[in-house]
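Note on naming: letters A, B, ... go to the chains in the order of the sequence lines (proteins, then strands), and numbering restarts at 1 for each one.
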2 protein chains.
Amino acid sequence: MADFKDLDPLLHSQLRLAVMSLLVSVKSAEFVYIKEKTNATAGNLSVQIDKLSTAGYIEVEKSFKGKKPLTTCKITKKGLQAFEEYVNALQQYIRK
Amino acid sequence: MADFKDLDPLLHSQLRLAVMSLLVSVKSAEFVYIKEKTNATAGNLSVQIDKLSTAGYIEVEKSFKGKKPLTTCKITKKGLQAFEEYVNALQQYIRK
DNA sequence: CATATTTGGTTTATAAAATAAACTACTTTA
DNA sequence: TAAAGTAGTTTATTTTATAAACCAAATATG
């Protein structure tokens, strides 16, 4: 049996993984939408989005919807690759 | 799309998950063996094994191999169930 | 009209987790 | 008999995650 590959710690977090999971399928999503889908608090989500953004895994665009702030996220190529590698590494842990 | 199910925080840890993953397949393993397979430090492993044991996910038996201490771990029914649930919940996050 | 309340967040503080370092107890080897 | 190794545990430190507090603007309410 091969040794366990390290799991990207940036992705091995429930909330960040959920965010990435969403972004993989929808390609672009608003803060509020992500917040609802993930059941996260705004504060927590804000922090985790920041981390993903700093890592270059997602792109964050701040604009306005009418007069309200609007934060839109989309996954980057780097993020997609990291996600795929994470999933591959993880398979080793969870296949019975 | 259904909301994301919570991931058992006890299992959502690289080292603890690796330990459980090992125990699922081998059914019983020694401390040193687990340590080598997971590349963990003894201290870290000791702590994480303790947590899994306290949760009732594994059973820990302390004996002696000759004159050296021997810690043997095996997964419990509860642990196996938790592992399976974790894997199921996780699927939702990682299917593309 | 003024004052709550809601929206869409960010910042900061606290709690929990992971990890590393130090230590224990004993054994083996030189 | 001193040094080094084995098999761990305990404690301290660092990192993370989460919650609580806050902010600015908009909208609703009496």
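Side-chain contact check for A:L23 versus A:L52: every heavy-atom pair is 4.5 Å or farther apart. Between A:Y57 and A:L80, the closest side-chain pair of non-hydrogen atoms is not below 4.5 Å. Under the 4.5 Å side-chain criterion, counting only non-hydrogen atoms from C-beta, A:L17 is not in contact with B:F4. Here the side chains of A:F31 and A:I49 are in contact, with some heavy-atom distance below 4.5 Å. Looking only at side-chain heavy atoms (C-beta outward), A:Q91 and A:I94 come within less than 4.5 Å of each other.
Here the C1' atom of nucleotide C:dC26 and the CG atom of B:L70 are 15 Å apart, to the nearest Å. Whole-Å rounding puts the A:K68 NZ to C:dG9 P distance at 11 Å. Rounded to an integer number of Å, the gap from CG of B:L17 to P of C:dA17 is 16 Å. For the pair B:R16 CZ and C:dA17 P, the computed distance is 7 Å after rounding to whole Å. The separation between B:N39 atom CG and C:dA18 atom C1' is 16 Å, rounded to whole Å. Distance, B:L52 CG to C:dA17 C1': 13 Å, rounded to whole Å.
Along DNA chain D, read 5' to 3', the first and last nucleotides having any atom under 4.0 Å from a heavy atom of chain B are D:dT6 to D:dT10.
Comparing A:K67 and B:K62, the nucleotide of DNA chain D nearest to each residue sits closer to the 5' end for B:K62. Comparing A:P69 and B:L15 by the nucleotide of DNA chain C whose heavy atom lies nearest to each, the residue mapping closer to the 5' end is A:P69.
For the contact set between residues 41-50 of chain B and DNA chain D, defined by any heavy atom under 4.0 Å, the members are B:A42, B:G43, B:S46, B:V47.
Checked against side-chain contact (heavy atoms from CB on, under 4.5 Å), A:E59 has the following partners two or more places apart in sequence or in another chain: A:K74, A:T76. Scanning for side-chain hydrogen bond (donor to acceptor under 3.5 Å, both in side chains) contacts around B:N44 gives B:Q48, with sequence neighbours left out. Here B:D6 pairs with A:Q14 under the side-chain hydrogen bond (donor to acceptor under 3.5 Å, both in side chains) rule; sequence neighbours left out.
Residue pairs meeting the side-chain hydrogen bond (donor to acceptor under 3.5 Å, both in side chains) criterion with at least one partner in residues 60-73 of chain B, sequence neighbours excluded, are B:E30-B:K65.
When heavy atoms are screened at a 4.0 angstrom cut-off, A:K65 is found touching no nucleic acid atom at all.
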